[in-house]
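Input: a single structure, listed below in structure tokens.
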Amino acid sequence: MGKRRGGRELLRGLSKKQRKHLREFGEEHPFHDKVPGRPEATQVCELSDSSDKSSAESDSETEVEQVSVYHKLLATLKTSPESESEEEEEEDESEPEAEESETEMDSEGSQESREADGGGEDQNDVPEQEEATDTAEQTPSQQQADGIDTSCDPGHGVVEEFTDVKHESEFSLETNFMEEESGDCNADKRDGSSSQAFSEDPFKQHMDKELEEKDVEKMSTLPKTSSQSQWPRLGQVTFSSTLEKPKALKADKEVDVKQLYLHKPLESTWPKVNKQFLSSVNKPSDAFFTPLQRELFCIMNTYRDLFYPERNALTNGEEIRHAYCLHALNHVLKANSQVLSNNAKKRNQKPGADNDDHRDQGLTRPKHLMKHVNLLPLDSHGVDFSRVRMLNLNNWCRYYRQTLLFSALQDPQVNSVFNKHCFNYTGQVAVRNVPLSGSISRVVVQLPHVFRRLEAESLTSVIDTRFQFFIDKVLPEYRDAIMSHTLIYVPSYFDYVRLRNYFKKEELNFTHICEYTKKAGVCRARRFFLKGEKQFLLFTERFHFYKRYTIKGIRNLIFYELPTYSHFYSEICNMMKATGNGGDATWTCTVLYSKYDAQKLAAVVGIERAAQMLQSKKNVHLFVTGESE
């Protein structure tokens, strides 16, 4: 009887979730364990006469009776009457489960504890210490009548679960978002009726648009038409679409919060989160976004695809992240509220009624986003097809997907993804600012730059063409001993490995540094190259990206390919001044490029020079930097 009564008292002191975890795993959840690193108040209790228990048993009893510091803190907070009533209802509903779990604990739980403790008594046999004091013998009702607060008494283990009623009511999907879905809470904020205002919501406009077969055929076959416009902060913006006629997009000069159609909680929390990026000199109309955020969100909120290639981790990175996170949260909350609203409508629907207006879900939730996005699942996964959107059933998800790409540069691979794999029916918007002056203008050493163009038939063949051009036309000019101290800058690691293997095969006098080279190897290679013991130094772009070492002793420089980051070009060239002889006329710089490097070339020499170099009949172009005026 002692074991049964002790188990019943223990279970009554636990919540429904704690009982379930206790039945399934035979122990309480680790969340309720004692928090280490913070001493608890000293507790004095009288031991019973039966002190010959094993240490394992006493330790287990202490663990059951101790309450975490976190729960003690929560117990000091006053819960609302609503949460208390809900707790009482939960206790009443789970009372039969407590009766059933007592038998399980007596049989299964005791067996598990005996096996774990080597045949000791049941860990749940704790009534002896509970009856050690007068307070422990009283029932909870008697303790309340006597004015004794046992909510945080570790001798009872009875802790009320804390519920943040205030904030839960603000962010509850059922109480807030379903109202906004029905348009009740927005009717007083926007002009016109709630139905008219709600139809102007970009989320509803984008998701409720029903494409036709002819529209899909147009997007699959016809080319896109584009238009350009100049924005105050973003610069040159290009809008391209197949279904819409080309039009110049204009930036909103002022932001009306009501016209953003943000969910109600976001309207109040966003100004607080974004306050760190706002300047004190901002106008009242600009107190919601920075100029960059305003223009970016203006595009994102139209559900068009966006490519912004001027993100900088040190300057505007977090500012941009906040903007697209706001858009993503706004979309997710609206989608969830729509599902909850339709759930309520389905519950109130008459039996047998067939309504096709509740299609608000997809086929399944993707676990691998990039590789499995917009693909039809092989299994149904128990989906209710009456709730699946028609665009999912028609396999047209790619035409509704919005893609937001943010990069630090105009990279050909990223451009290819945006141009060939983004099919949003509302169109694509890309920021295309071209540099007027390239990074070559920041080279301070007096140096002749020889740009040599190679002809390639396709983008896939340019890799082999460049390698063959280098070993046939460029390398023989530098194999002479006079052309010592030659650094070869290689952006791609695969090209680096290919060149390293070729140099080994030809038994050339060289050393190499890459991002995987250990520190000792780097020091050894730099020393050999500086003293001239090694004629060539293979140098990868990723090593320079992560380490930024200054390589001394460079007299001849070869860019096997244009740098991915344009400012790397001037940084590598300016390493020559580390040698100490700024007027050495023997310095040379050779750069290989093709027509597929147009963006990289423009970033180095400027847009006008790049256009001339790509269209010219000559394959060799010379520039000289650092000339005395």
Side-chain angles (χ1 to χ4, degrees), residues 435-454 469-470 473-491 510-511 513 525-541 543-545 547-593 597 600-614 616 618-629:
L436 298 178
S437 62
S439 62
I440 194 173
S441 61
R442 295 190 289 272
V443 177
V444 297
V445 296
Q446 186 172 355
L447 179 68
H449 305 259
V450 179
F451 286 79
R452 306 184 65 170
R453 186 177 68 193
L454 55 96
F469 184 87
F470 175 78
K473 302 291 182 64
V474 180
L475 188 58
E477 300 175 2
Y478 288 84
R479 298 186 70 164
D480 195 338
I482 301 178
M483 306 296 290
S484 61
H485 298 272
T486 299
L487 184 142
I488 305 176
Y489 182 90
V490 188
F510 80 104
T511 185
I513 298 176
R526 294 176 66 194
R527 184 175 66 254
F528 289 160
F529 183 73
L530 177 60
K531 294 182 178 181
E533 299 179 13
K534 300 294 183 180
Q535 181 179 357
F536 296 98
L537 171 61
L538 294 179
F539 188 81
T540 64
E541 183 176 74
F543 175 82
H544 180 66
F545 180 89
K547 302 298 182 181
R548 304 297 175 97
Y549 278 63
T550 298
I551 306 299
K552 297 181 179 180
I554 303 176
R555 295 180 183 175
N556 305 288
L557 183 60
I558 300 176
F559 284 91
Y560 185 78
E561 185 182 357
L562 285 165
T564 305
Y565 294 88
S566 61
H567 59 276
F568 284 1
Y569 184 88
S570 58
E571 290 179 3
I572 298 297
C573 291
N574 289 331
M575 285 183 183
M576 289 184 167
K577 66 180 181 180
T579 306
N581 187 2
D584 198 334
T586 61
W587 286 350
T588 64
C589 178
T590 301
V591 185
L592 306 184
Y593 74 97
D597 300 322
K600 295 181 180 179
L601 184 63
V604 172
V605 301
I607 185 64
E608 295 182 358
R609 290 178 177 176
Q612 296 175 0
M613 295 169 63
L614 292 173
S616 175
K618 296 189 302 181
N619 294 331
V620 180
H621 301 270
L622 175 65
F623 301 95
V624 180
T625 58
E627 292 181 308
S628 58
E629 298 180 358

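No side-chain heavy atom of I488 sits under 4.5 Å from any side-chain heavy atom of Y478. C589 is listed as a side-chain neighbour of F559, based on a closest heavy-atom distance under 4.5 Å. Counting heavy atoms from C-beta on, the side chains of V450 and V591 never come closer than 4.5 Å. Between K473 and L454 there is no side-chain heavy-atom pair separated by less than 4.5 Å. At least one side-chain heavy atom of R526 sits less than 4.5 Å from a side-chain heavy atom of I551. Using a 4.5 Å cut-off on side-chain heavy atoms (C-beta onward), F529 and I513 make no contact. Residues F510 and K534 fail the side-chain proximity criterion, which asks for heavy atoms closer than 4.5 Å. Using a 4.5 Å heavy-atom cutoff, the side chains of L475 and F536 are in contact.
Within 6.0 Å of the CD atom in E477, the count of heavy atoms belonging to other residues, nucleotides or ligands exceeds 12.
In this structure, CG on L592 lies 9.5 Å from CG on D597, to the nearest 0.5 angstrom. Rounding to the nearest 0.5 Å gives a distance of 10.0 Å between OG1 of T486 and CD1 of I554. In this structure, CD1 on I558 lies 14.5 Å from OH on Y489, to the nearest 0.5 angstrom. A distance of 4.5 Å separates CD1 of I440 from CZ of F451, quoted to the nearest 0.5 Å. Within the model, atoms CZ of R452 and CG of L622 stand 12.0 Å from one another, a figure rounded to the nearest 0.5 Å. To the nearest 0.5 Å, atoms CH2 (W587) and CZ (R555) are separated by 10.0 Å.
Heavy atoms only, all atoms of each residue included: V605 and A610 are closest at CG2-N, 3.7 Å. Nearest approach of H485 to L530, heavy atoms of both residues: CE1-O, 3.2 Å. Of all heavy-atom pairs spanning M576 and T588, the tightest one is CE-O, 3.6 Å. Among all heavy-atom pairs drawn from F568 and P563, the shortest one is CB-CB, 4.0 Å. Nearest heavy atom pair, residue V445 against residue N574, reads N-OD1, 3.9 Å.
A side-chain donor from one of E571 and H544 sits under 3.5 Å from a side-chain acceptor of the other.
Partners of Q535 under the side chain to side chain contact (heavy atoms under 4.5 Å, CB included) rule, at least two apart in sequence or in another chain, are S484, N509. Take S439 and apply the side chain to side chain contact (heavy atoms under 4.5 Å, CB included) test, not counting sequence neighbours, and it matches R442, S566, Y569, S570, V604.
The pair K600-E541 does not count as a salt bridge, with every side-chain nitrogen at least 4.0 angstrom from each carboxylate oxygen.
Checked against a 6.0 Å centroid threshold, the rings of F545 and Y565 count as neighbours.
Below 30°, between 30° and 60°, or above 60°: for F539 and F543 the angle between ring planes is above 60°, a perpendicular geometry.
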Could you go through the side chain to side chain contact (heavy atoms under 4.5 Å, CB included) check for M575 and L487 one step at a time? CA-CA 11 Å; M575 285 183 183; L487 184 142; 5.7 Å; no

